[in-house]
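Notes follow once the structure below has been shown.
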Amino acid sequence: MDYKILVAERIKEHVDLELEVISKLIEIPPRPEMGDFAFPCFQLSKVMRKAPNIIATELASQINKESFERIECLGPYLNFFVDKVAFSKNIIEKVLLDGDLYGSSKDGEGKNVVVEYSSPNIAKPFHVGHLFTTAIGHSLYKMLSFEGYNTTRINHLGDWGTQFGKLISAYKRWVDEEALEKEPITELLRIYVKFHDEAEKNPELEDEGRAYFKKLEQGDEEAVALWKRFRNLSLKEFNKIYDLLGVDFDSWAGESFYNDKMDDMVKELETKGILTESNGAKVVMLDEYNMPPCIVVKSDGASIYATRDLTAAMYRKKEYDFHKCIYVVGKDQILHFNQVFKTLELAGHEWAKDCVHIPFGIVKFADKKLSTRKGDVVLLEDLLSEAVAKTLETIKEKNPNLENKEDVAKKIGIGAILFTYLKNSRERDIVFDWKEMLSFEGETGPYVQYAYARANSILLNAKDITGEADFSKLTSKEEFELAKTLEGLNKSVLYAIEKLEPSILTRYVIDVAKAFNKFYNAHHVLNIEDEGLKIARLKLIEATCQVIKNSLNLIGLDVVEKM
Ligand code: ARG
């Protein structure tokens with residue numbers, strides 16, 4: 001039973017408003033003394049031509065109070081106090097019945113959503129910003145599919161553009177083949193940086209680079225073979241990271257995928273009359289919308305980042321018929337996406353409004369040591385493996401006899417990083433701080449994971465929980481508060497989807513862990529006489545584990561059964 005619906009139905013028996021309208025008006029009071037649900041009577045006051053507090057008084061005496069402890073009026077509000085025992089029993093049984101599906105209302109059935117995320121650049125390091133889009137995108141994908149959306153994950157690899165011409169030129173001049181096989185991305189980055197240094201002294205190099213890109217675009221055999229090699233070497237490295245994170249994609253159509261589709265897009269914009277010549281380039285003027293022009297074809301005839309994005313959007317609409325196409329890309333690209341989406345709109349695509357850019361903040365480091373190994377990018381593999389190593393140290397110290405220490409350390413350590421990314425609203429900048437991030441106290445991944453493992457170990461120690469639960473004994477404040485928190489999963493999932501904001505779910509699971517700890521610190525479970533109460537508490541704990549597991553999975557974390 002959904003109590004909010006019940007509240008709405010009970011009100012509906014006495015007033016002339018649609019059930020949905022009533023439901024939208026129902027509030028969760030800020031303090032428990034004010035009840036579990038509140039209904040403000042202001043809107044009714046207009047329809048019924050009576051003062052809202054009079055309506056509240058009348059309703060309080062008329063309404064059917066079954067399943068409620070009491071229903072009271074407080075000024076213009078009608079406050080509902082649910083029957084705590086019935087509420088807790090209900091929710092525990094529902095969680096245990098629904099299991100891994102608990103929290104889903106299948107709200108998205110029949111809708112196609114494209115989520116584009118990660119999208120690192122070939123031949124360049126996968127950096128902490130790419131991990132941010134990967135964490136958010138992966139979590140959005142999980143939540144959307146959980147709610148029944150038909151979701152397509154796209155990795156829009158940065159695998160095309162003038163830089164690949166430069167890279168080919170750099171390769172021909174300076175590559176160290178051995179280094180390329182051993183640490184491909186480091187070597188490709190080295191020769192790419194060298195190209196830029198040398199080009200400052202010798203500008204003709206730039207022309208050489210451009211010429212190679214032209215060859216590549218025209219399908220020159222040698223250029224294409226080299227580009228393929230760079231791409232494969234890079235993908236091998238990226239896949240190591242994705243494997244570690246448990247992340248996957250349905251499509252790896254990167255920028256290069258659109259190479260043979262761009263001409264049609266350009267022709268379309270031309271036919272629709274929105275392309276203008278500007279210094280030899282073809283652009284869409286956007287000054288009316290206070291934006292610089294969107295460059296579609298460069299003066300040398302080559303394509304550019306936006307050319308590929310325009311083509312990709314049109315392709316995705318055709319291929320996936322999306323209800324929404326979500327781009328998880330850093331906030332430094334807000335202007336780019338505004339230009340692209342506006343251009344699509346000007347080209348008459350009404351679905352341009354369904355393309356959404358989901359920006360996120362910048363990643364900083366509190367700890368100097370974290371900030372570099374070579375150059376000024378943090379290598380992600382270093383970040384991930386250090387998190388695992390540090391967690392392993394803690395585990396060895398705290399629980400030397402634990403089995404599968406490595407596996408546990410991997411889940412907790414990597415989970416801690418994902419959790420840090422997803423803890424605050426995504427547009428806020430993030431400061432990584434080892435001590436804080438890996439701590440078992442405070443609002444961290446390890447804190448939540450530990451709550452789960454602790455709860456799970458009670459279940460393991462109890463061995464048998466098949467007896468008859470006496471839910472009427474779950475009368476304490478802590479038990480009710482925990483049950484109430486468990487009830488909120490679906491609401492959090494729906495809200496997180498509405499805002500495209502995984503942090504809503506991260507905060508939710510922190511609340512569950514806190515409510516569990518409060519309960520567990522206040523009450524005994526295994527060493528109590530009353531068998532009915534013991535089983536009821538064990539069921540509450542079992543439901544808590546299920547909710548933590550479902551929630552953590554939705555933000556991309558695996559739980560550990562023991563730690
Ligand atoms: N490869 C780009 C980067 O690393 C991100 C691509 C974003 N997606 C897009 N459709 N433009 O900055």
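Numbering starts at 1 and runs along the sequence shown. Start at 1 and go down the list; that is how both ligands and their atoms are numbered.
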Do any nitrogen or oxygen atoms of ligand 1 lie under 3.5 Å from a protein nitrogen or oxygen, and which ones?
{"unit_1": "ligand 1", "atom_1": "1 (N)", "unit_2": "Ser119", "atom_2": "O", "d": "2.9"}
{"unit_1": "ligand 1", "atom_1": "1 (N)", "unit_2": "Asn121", "atom_2": "OD1", "d": "2.6"}
{"unit_1": "ligand 1", "atom_1": "4 (O)", "unit_2": "Asn121", "atom_2": "OD1", "d": "3.4"}
{"unit_1": "ligand 1", "atom_1": "4 (O)", "unit_2": "Asn121", "atom_2": "ND2", "d": "3.0"}
{"unit_1": "ligand 1", "atom_1": "4 (O)", "unit_2": "His130", "atom_2": "NE2", "d": "2.8"}
{"unit_1": "ligand 1", "atom_1": "8 (N)", "unit_2": "Glu116", "atom_2": "OE2", "d": "2.8"}
{"unit_1": "ligand 1", "atom_1": "10 (N)", "unit_2": "Glu116", "atom_2": "OE1", "d": "2.8"}
{"unit_1": "ligand 1", "atom_1": "10 (N)", "unit_2": "Glu116", "atom_2": "OE2", "d": "3.4"}
{"unit_1": "ligand 1", "atom_1": "10 (N)", "unit_2": "Asp309", "atom_2": "OD1", "d": "2.7"}
{"unit_1": "ligand 1", "atom_1": "11 (N)", "unit_2": "Tyr305", "atom_2": "OH", "d": "2.7"}
{"unit_1": "ligand 1", "atom_1": "11 (N)", "unit_2": "Asp309", "atom_2": "OD1", "d": "3.4"}
{"unit_1": "ligand 1", "atom_1": "11 (N)", "unit_2": "Asp309", "atom_2": "OD2", "d": "2.7"}
{"unit_1": "ligand 1", "atom_1": "12 (O)", "unit_2": "Gln333", "atom_2": "NE2", "d": "3.2"}

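- Listed by first and then second residue, the side-chain hydrogen bond (donor to acceptor under 3.5 Å, both in side chains) pairs involving residues 218-228 are Lys172-Glu222 (not counting sequence neighbours).
- Under the 6.0 Å cut-off for aromatic ring centres, Phe238 and Phe249 do not qualify, their centroids lying 6.0 Å or more apart.
- Under the salt bridge (charged side-chain N to carboxylate O under 4.0 Å, His left out) criterion, Lys491 pairs with Glu487, not counting sequence neighbours.
- Stacking of Lys166 on the aromatic ring of Phe195 is not recorded, the 6.0 Å distance cut-off and the 45° axial limit not both being met.
- The list of side-chain hydrogen bond (donor to acceptor under 3.5 Å, both in side chains) pairs with a residue in residues 409-421, not counting sequence neighbours, reads Asp407-Lys411.
- Relative ring orientation between Tyr242 and Phe126 is described as perpendicular, the plane-to-plane angle rising above 60° on a 0-90° scale split at 30° and 60°.
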